[in-house]
Every structure is written in C-alpha cells, then in structure tokens.
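The structure appears below as structure tokens.
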There are 2 protein chains.
Amino acid sequence: MLKPVQKKSLSDSVFEQLRAEIISGRMEPGSTLPGERVLCEMLEVNRGAVREALKRLEQARLVSVQHGGSTTVLNFRETAGTDLLSTLLVTPEGELDTQVARSVMEMRSALASDIARLCAKRGREVAGPLAEVVEQMGANRKDLVALQALSLSFWGLLVEASGNVAYQLAFNSLRDSYARFSHLLTRVLADELTDLKNYKAICEAIAAGEAEDAEFYSRDLMEIGERQIVRVLDTLDRVKE
Amino acid sequence: MLKPVQKKSLSDSVFEQLRAEIISGRMEPGSTLPGERVLCEMLEVNRGAVREALKRLEQARLVSVQHGGSTTVLNFRETAGTDLLSTLLVTPEGELDTQVARSVMEMRSALASDIARLCAKRGREVAGPLAEVVEQMGANRKDLVALQALSLSFWGLLVEASGNVAYQLAFNSLRDSYARFSHLLTRVLADELTDLKNYKAICEAIAAGEAEDAEFYSRDLMEIGERQIVRVLDTLDRVKE
DNA sequence: GCTGGTCAACTGGTATGACCAGTTTGATTT
DNA sequence: AAATCAAACTGGTCATACCAGTTGACCAGC
C-alpha cells in the first residue's frame with residue numbers, strides 16, 4: 001500500500017524543531033527563546049516562517065510571546081491540551097514512550113465506561129447504527145485490521161451519541177495517538193477486538209437504557225485490551241533497562 | 001480588583017473571527033475558505049496577519065490548508081482537542097453553553113475519581129503536600145474564594161502525582177474552562193468546597209494507598225458539586241425557553 | 001475515445017526590507 | 001538615591017515581488 005508523501009513547509013519544520021526542543025526539556029520552562037531575527041539566522045529562513053511557527057507554538061500553549069518583551073517557554077504539562085498526547089507518545093529518540101502509553105490506556109478505560117453510561121442514559125437512538133457495526137464485526141471476525149477500524153467506528157458513534165463534547169474532544173486526541181501505533185497494536189488488542197460478546201452486551205445495554213450495565217461491560221472490554229498492552233509495555237521497559 | 005487589559009494583535013483578531021464563524025457553524029465543515037488574498041481585502045489587513053491566523057486555526061485543527069489547493073473547514077467535533085473546551089463554553093451570543101458545561105462537569109467527575117485512584121496506587125508521596133493544602137482549607141473555611149484556589153491546588157497536586165500525562169493535559173483544559181466562570185461558581189460549589197471531611201478522607205486514602213477508597217471519596221466529592229451545578233444549569237435552560 | 005502532455009490561471013509558500021509599537025536598559029539628571 | 005528619558009532592544013505590521021504546488025482546459029497522438 002502506498003501512502004501519500006508528506007510534504008512539510010518551512011514553518012512546519014521550524015515548529016517541529018522548536019517543539020522537540022521544548023518537549024525534550026532542552027529548553028526549560030521559564031527560559032526565553034532567542035529573538036525572531038536571531039532564529040531566522042540560526043534556521044536560515046525568513047522571519048515570516050519563524051513567526052508562523054511561533055504562532056503555532058503559542059496556540060499549542062508551548063510558548064508565551066508578548067509584544068516588546070521576549071518569548072518564554074511554558075511548562076507544557078501545566079498548559080497544553082490533550083492534542084499534545086500524540087506528540088508526547090514518541091520520545092525524542094523516536095521510540096514509544098511507555099509511560100505516556102500507559103496514561104493513554106488509563107484514560108481510554110475511564111472515558112469509555114462513562115461514555116457508554118451516558119449513551120445509555122440519553123443516546124439510546126444510536127443502538128441501531130451500533131448494532132450494524134457489531135454485525136459487520138461479526139462478518140469480519142477473522143480480519144483484525146478490519147476489526148480495528150470497526151471498533152473505532154463503534155466508539156466514534158458512542159462518543160457522539162453520549163452528547164458530551166468534552167469526551168468527544170478527548171476521544172479525538174486518543175484516536176490520533178492510537179493511529180500512530182495502530183499497526184503495532186493489531187495483534188496486542190486481538191482479544192479485545194474479537195470479544196464480540198462484550199460489544200453486543202454494550203449495545204444491548206444501551207438499547208435498553210441500562211446505564212450501569214453499559215458502564216460495566218465497557219469497563220470489562222477496555223480492561224481486556226489495557227491488560228494486554230500494559231503487559232507489553234512492562235516487557236518493553238524491562239528490555240530497555 | 002483591576003485586571004490587565006487584554007491587547008489583541010491583528011492576527012489574533014482574525015483568528016478569533018474565523019474561529020467564531022467555524023464554531024458557530026456559519027462556515028460548514030467541508031466548505032472552503034476564501035483565498036488568503038481575498039481574506040486580506042475583506043478583513044483589511046495584510047497577508048501576513050491572515051496567514052498567521054490560518055496557521056493557528058490549522059494548529060487547533062479547525063481548518064486544513066494545502067499548498068496550491070484551497071483551505072477547507074474541518075468538523076472540529078471530530079478533530080479538535082480539549083483545549084477548545086473553554087471556547088465552546090461560551091455561545092456565539094456570549095452566554096454560557098449549558099450543554100458544554102454539563103459535559104465539562106461529567107468529565108471532571110470521571111477524571112477526578114480515576115486520578116485519585118492512580119494517586120493512591122503510585123503517588124502516595126504527595127500525601128504530605130496534600131495534607132498541607134487541606135490544612136489551609138481548614139484555616140480558610142469561611143473564605144469561599146480562597147477555598148476555590150486551594151481546591152485547584154489540591155487537584156493540581158493530585159493530577160501531577162497520578163503520573164498520568166493524559167489526565168494532566170485534560171485537567172489543564174478543564175481548569176481553563178473553569179477559570180472563565182469561577183466567579184459565578186463560587187457560591188454554587190460552596191457545599192463541595194466546604195466538605196473538608198471528604199478532602200481529608202481522600203488525603204488519608206492516598207496516604208494509605210487505598211485506591212478504592214480514594215476513588216470512592218473523590219467520586220462522592222465531585223458529585224456534590226456536579227449535582228448543584230446541574231441543578232443551576234437545568235434552571236437556566238428552563239428560564240431561556 | 002482514451003491516454004498523456006502542455007500551458008495558463010488559480011491556490012498557498014517564501015523572501016525582502018522597511019517601518020510601527022511596546023519593553024527594557026542604562027546613562028543622565030534631579 | 002530616585003526619577004527621567006532616550007536609545008536599543010523586543011515583537012507587530014506592511015507592501016511587493018516571486019517561487020511552488022494544484023487544477024482544469026486544451027490539444028496532440030495512439
């Protein structure tokens with residue numbers, strides 16, 4: 001399968017470079033960035049490119065820039081939003097950050113169960129489309145990659161029907177993080193993806209408006225995958241020592 | 001109390017204007033934005049300002065711009081991160097969006113209980129500083145505004161000690177949303193803020209490493225505030241009809 | 001009739017150099 | 001020592017030119 005080649009603009013490169021410096025900690029929170037004109041020289045680009053990159057960093061809450069003053073590095077852990085997760089998931093060395101991965105899995109479990117609960121409470125109309133997805137999962141029970149996509153659809157429907165935008169936005173960030181490593185997780189999540197019984201149970205609980213059941217089965221389902229992934233992460237950590 | 005006046009740059013204004021158009025739905029997802037040069041004319045600013053604003057919109061995942069092609073509006077509900085919450089909390093008319101507020105409160109409850117649980121599991125060393133905050137809360141039990149700040153410190157410590165970056169980043173967005181209306185919530189949250197017994201119970205559960213207790217008391221505490229706020233939100237909705 | 005090439009007219013991306021507007025600094029004045 | 005003020009920073013705005021992808025109409029050539 002061929003993928004579209006990714007093309008980066010200058011300001012994108014500048015942005016990524018500065019972001020890496022900040023996230024890695026090489027630029028400490030509170031320290032000041034070089035002036036725009038200096039950055040131009042160092043990076044050998046024009047000032048417009050630098051400014052566009054700085055605006056993006058500001059939007060991501062990684063830096064704070066003030067007219068006349070200087071641009072300072074923020075403590076992103078205390079300011080950034082969840083959209084930074086997919087970036088944090090990759091260490092400066094390009095490897096998977098296991099601690100961040102654990103965080104993502106924990107959040108996934110917590111959100112999923114509450115999403116299902118809310119859905120049973122006030123989004124029962126989604127049970128129909130949901131059942132269709134589960135049916136397709138049944139038809140593709142041997143194709144893990146297809147199941148991955150269907151599972152994402154399943155939870156996408158659920159989170160939308162939950163009527164909770166906060167969860168939806170957090171879900172977006174989790175999904176983006178997931179996308180970065182989905183190919184590695186296909187097999188690790190096999191048990192969860194093929195647990196059709198649980199998907200159906202969630203579906204039925206929502207259709208029946210049984211919030212507690214929906215919450216219970218979701219938590220159960222999530223814990224299956226979380227357990228497996230944590231096991232892999234623990235192994236990874238042990239190997240690296 | 002005087003507050004520093006906020007000074008907006010041109011690109012900030014452009015950004016906010018376009019963001020409002022997108023969030024309000026006046027610009028539909030999938031539709032294309034006018035070209036940069038056209039925007040310049042319409043907004044009467046130079047192209048640099050427009051481009052900086054577009055970069056920020058891109059970073060916030062509200063639009064997608066491609067070289068040579070056109071700039072299209074994204075469905076922010078399916079792409080943005082939690083940092084958009086504080087913006088969504090205010091309707092185009094400048095009022096509080098009660099549905100978003102409910103979402104925020106629900107997420108708060110879900111996160112808080114899991115944060116406390118994780119803290120008891122692997123962040124017990126925070127019990128000391130935590131106890132200090134609780135002690136200060138006791139000393140200021142009559143000053144609701146002080147209690148608000150201390151409560152934020154309490155949860156800030158907790159989320160940091162939980163060792164879960166995903167929760168920390170989500171917490172940042174919740175905190176920002178909260179900040180916008182904290183003055184209105186001072187009295188509504190009075191019962192929660194003065195429930196010292198519960199704060200202490202959480203504190204002790206964490207010190208003892210009792211994850212289930214920490215989770216239970218947190219959920220209990222959050223539900224106090226959530227119940228009150230939901231009651232107010234329901235009233236607001238009823239009045240507006 | 002289809003494929004593939006070419007070209008013009010879009011779109012956004014980069015570059016430059018000037019100037020405006022706040023902030024900081026430090027020498028000067030009181 | 002404290003207040004003052006002007007240079008020398010910093011970022012913000014601007015106009016203009018040109019580079020670089022994208023699109024679609026058009027036109028060979030098989």
Side-chain angles (χ1 to χ4, degrees), chain A residues 2-19 21-22 27-74 76 79, chain B residues 2-19 21-22 27-74 76 79:
Chain A
L2 297 176
K3 283 183 292 185
V5 301
Q6 63 163 15
K7 36 219 143 180
K8 275 188 296 189
S9 71
L10 280 186
S11 65
D12 286 346
S13 300
V14 175
F15 171 73
E16 287 177 13
Q17 225 172 306
L18 291 174
R19 183 179 62 178
E21 290 294 308
I22 294 171
M27 282 180 171
E28 287 182 9
S31 64
T32 66
L33 241 57
E36 294 179 356
R37 286 163 248 256
V38 178
L39 283 175
C40 296
E41 274 188 46
M42 299 199 305
L43 299 163
E44 293 181 24
V45 294
N46 68 80
R47 201 165 151 218
V50 169
R51 282 184 58 80
E52 286 173 10
L54 287 175
K55 282 293 174 187
R56 289 187 59 182
L57 289 170
E58 199 179 6
Q59 180 63 26
R61 312 238 199 176
L62 298 181
V63 305
S64 160
V65 9
Q66 79 175 190
H67 188 178
S70 55
T71 302
T72 63
V73 179
L74 296 178
F76 66 89
T79 53
Chain B
L2 297 176
K3 283 182 293 185
V5 303
Q6 61 163 13
K7 35 217 144 178
K8 279 188 294 191
S9 70
L10 279 186
S11 65
D12 286 346
S13 300
V14 175
F15 171 73
E16 286 177 16
Q17 224 172 305
L18 291 174
R19 183 179 62 179
E21 289 294 308
I22 294 171
M27 282 180 170
E28 287 183 11
S31 65
T32 66
L33 242 56
E36 294 181 356
R37 286 163 247 256
V38 178
L39 283 174
C40 295
E41 275 188 46
M42 299 198 304
L43 300 162
E44 294 180 22
V45 294
N46 71 80
R47 202 165 149 216
V50 168
R51 282 185 57 80
E52 286 173 10
L54 287 176
K55 283 293 173 188
R56 290 188 59 180
L57 289 170
E58 200 180 5
Q59 180 63 24
R61 313 241 197 173
L62 299 180
V63 305
S64 160
V65 11
Q66 79 175 190
H67 188 177
S70 54
T71 302
T72 62
V73 178
L74 296 177
F76 66 89
T79 53

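Below, read A as the first sequence line, B as the second, and so on, with proteins coming before strands; counting in each chain starts at 1. Computed from a prediction, not measured in an experiment: that's the story for all the values here.
Mapping A:G68 and B:S9 onto DNA chain D by nearest heavy atom places A:G68 closer to the 5' end of the strand. Sequence order on DNA chain C of the closest nucleotides to B:V38 and A:Q66 puts B:V38 first from the 5' end.
The separation between B:L43 atom CG and D:dC14 atom P is 11 Å, rounded to whole Å. A:K8 has its NZ atom 15 Å from the P atom of D:dG21, to the nearest Å. A:E36 places its CD atom 11 Å from the P atom of D:dT13, with the value rounded to the nearest Å.
Taking every heavy atom of residues 49-61 of chain B and every atom of DNA chain D, no pair lies under 4.0 Å.
With a heavy-atom cut-off of 4.0 Å to chain B, the contacted part of DNA chain C has its first and last nucleotide at C:dT11 to C:dT23.
Note on B:G69: only backbone sugar-phosphate atoms sit closer than 4.0 angstrom, heavy atoms only; bases stay farther off. Residue contacts shown for B:G35 are limited to sugar-phosphate atoms, with no base heavy atom under 4.0 Å away.
The side chain to side chain donor-acceptor pair (under 3.5 Å) pairs that include a residue from residues 59-68 of chain A are A:Q59-B:R56, A:R61-B:D176, where partners are two or more places apart or lie in different chains. Pairs engaging residues 2-11 of chain A under the salt bridge (Lys or Arg N to Asp or Glu O under 4.0 Å) rule: A:K8-A:E16 [sequence neighbours left out].
Partners of A:S70 by side chain to side chain donor-acceptor pair (under 3.5 Å), not counting sequence neighbours: none found. Legend: residues meeting side chain to side chain donor-acceptor pair (under 3.5 Å) with B:S9, ordered by chain and number and at least two apart, are B:S11, B:D12. Listed by chain and number, the residues in a side chain to side chain contact (heavy atoms under 4.5 Å, CB included) with B:E21 are B:R26, B:M27 (sequence neighbours excluded).
Shown here for B:V63 and B:L54, the closest heavy-atom pair between the two residues is CG2-O, 4.2 Å. Scanning all heavy atoms of the two residues, the minimum distance from B:V14 to B:A53 falls at CG1-CB, 3.5 Å. Here the shortest heavy-atom pairing between A:L62 and A:R19 reads CD1-CG, 3.6 Å.
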Strictly under 3.5 Å: I want the nitrogen or oxygen pairs between protein and nucleotides 17-19 of chain D, one per line.
none

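One finds no salt bridge joining B:K55 and B:E52 here, because no Lys/Arg side-chain nitrogen approaches an Asp/Glu carboxylate oxygen to under 4.0 Å.
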N/O donor to acceptor pairs below 3.5 angstrom from side-chain atoms of residues 31-39 of chain B, sequence neighbours left out:
{"unit_1": "B:S31", "atom_1": "OG", "unit_2": "B:E28", "atom_2": "O", "d": "2.5"}
{"unit_1": "B:E36", "atom_1": "OE1", "unit_2": "B:R47", "atom_2": "NE", "d": "2.9"}
{"unit_1": "B:E36", "atom_1": "OE1", "unit_2": "B:R47", "atom_2": "NH2", "d": "3.1"}
{"unit_1": "B:E36", "atom_1": "OE1", "unit_2": "B:R51", "atom_2": "NH1", "d": "3.4"}
{"unit_1": "B:E36", "atom_1": "OE2", "unit_2": "B:R51", "atom_2": "NH1", "d": "3.1"}

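Between atom CG of residue A:L10 and atom CG of residue A:L43 there is a gap of 9.5 Å, rounded to the nearest 0.5 Å.
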